[in-house]
Amino acid sequence: MHSDSDSCSESSRPVTPSEDDCCHNACDPCIFDVHRKLLEEYERRKKGDVKIQNRKNVLCTFLYKNFVVVDVKEACECYILLSLRYQGNESKNDTSVSINPGQHVMLHLQDTTKPFTPIAWSDNSIEFLIRLYPNGKFSMHMRNVKIGDIIRIRGPYGNFEYKSNCFQKIIMFSMGSGITAVYPIAKAVIDNELEETKIDLVGGFRNILQIPIKKQLQSLSDYWNFKCTLYISQLHNDVRDLHGINVKPGRLNKDSVSDILEGNAIDTTLILICGTHEFNRSVEQWTRCLNYTHMHVFE
């Protein structure tokens, strides 16, 4: 079995995983699928004599790395914020956590593995917003997790790439925990002082109590190029504004999506979608019917 100190450099040939490296939990992608793609990319770059910078990422796509739980707290109803710190022997000056906004990683805890998109990360730390499901096996383990526990991570995965100022506007449609995929992208755009792209984040939740990271969304709403609208299917009061967040009753449906997309310049607007499989397919279909072509769906 490979150790935490094994090389995961992009400039070297990917290390072939052993049978012990597989957790046999039907992960998607499996560690052997990842290795095959990495090997194909390595051979392509080698054939083209492409020189690759030796970036030392703490994370590795085909090796699990140990992270320790440093904080776990309730974010809102059904959600927790989980903070992890890397436990390794590498020098902090030589390594750091490197993740592109919108990418996800695989978390392995006890006998379960599940993909999650980090909402924040630093040199040696990662923060996750995790939804707890009543009958979920991974959720059961997460309810019992405590500070000092070890959670193993491999990744990152995902082919979404965003180039600064490529679009005039980015419209993000999310449902429930799908907001974790689009929020880091929105924050990265807003944090870049050279960005002129406008962000319109549209989310759907069951009720007010199930809205996570409200403070983070309100903080982004202070900027000129960020707008947040949340559709609440069970809105039992007259709340329409959460200090910068526009709240609307009802669900995100074909009519509301069409209203949001109407009037935007199709050629300079990027559409991002993340939610349930049914939500993703529906919003994608409605969007294509309006002739939008710049689109990315996070599965």
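Note: hydrogens, waters and symmetry copies are ignored here, and every other heavy atom, side chains too, is used.
- Asp111 and His141 share a donor-acceptor pair across their side chains, judged by distance under 3.5 Å alone.
- In this structure Phe116 satisfies the ring-ring contact (aromatic ring centres under 6.0 Å, His included) test together with Phe138, sequence neighbours excluded.
- Among Trp121, Phe67, Tyr64, the single residue meeting the ring-ring contact (aromatic ring centres under 6.0 Å, His included) criterion with Tyr86 is Phe67.
- For Ser258 and Asp255, the side-chain atoms include no donor-acceptor pair closer than 3.5 Å.
- Every residue two or more places apart in sequence or in another chain was checked for a ring-ring contact (aromatic ring centres under 6.0 Å, His included) with Tyr133, and none qualifies.
- Connectivity analysis of hydrophobic side chains (ILVMFWY, heavy atoms under 4.5 Å, direct or indirect) links Phe279 to Ile171, Phe173, Met175, Val202, Tyr231, Leu252, Val257, Ile260, Leu261, Ile266, Ile271, Ile273, Val283, Trp286, Leu290, Tyr292, Met295, Val297.
- The neighbour count for Tyr223 OH, taken as heavy atoms of other residues, nucleotides or ligands under 6.0 Å away, does not exceed 12.
- Counted by atom type alone, Lys169 and Asn264 present one or more donor-acceptor pairs between their side chains at under 3.5 Å.
- Counting non-hydrogen atoms of neighbouring residues, nucleotides and ligands closer than 6.0 angstrom, the CD atom of Glu161 reaches no more than 12 such neighbours.
- When the ring-ring contact (aromatic ring centres under 6.0 Å, His included) test is applied to Phe205, no partner is found at least two apart in sequence or on another chain.
- For Lys227, the NZ atom counts as loosely surrounded, since its 6.0 Å shell holds 12 or fewer non-hydrogen atoms of other residues, nucleotides or ligands.
- Other residues, nucleotides and ligands contribute over 12 non-hydrogen atoms within 6.0 Å of the CD atom of Gln218.
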Acceptor/donor pairs from residues 178-190 side chains to any protein atom, 3.5 angstrom cut, sequence neighbours excluded:
| residue | atom | partner | partner atom | Å |
| --- | --- | --- | --- | --- |
| Thr180 | OG1 | Ser177 | O | 2.9 |
| Lys187 | NZ | Asp191 | OD2 | 2.6 |

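- With sequence neighbours left out, the side-chain hydrogen bond (donor to acceptor under 3.5 Å, both in side chains) criterion links Tyr162 to Glu195, Thr197.
- Val70 is connected to Ile150 through a chain of hydrophobic side-chain contacts under 4.5 Å among Ile, Leu, Val, Met, Phe, Trp and Tyr, so both are in one cluster.
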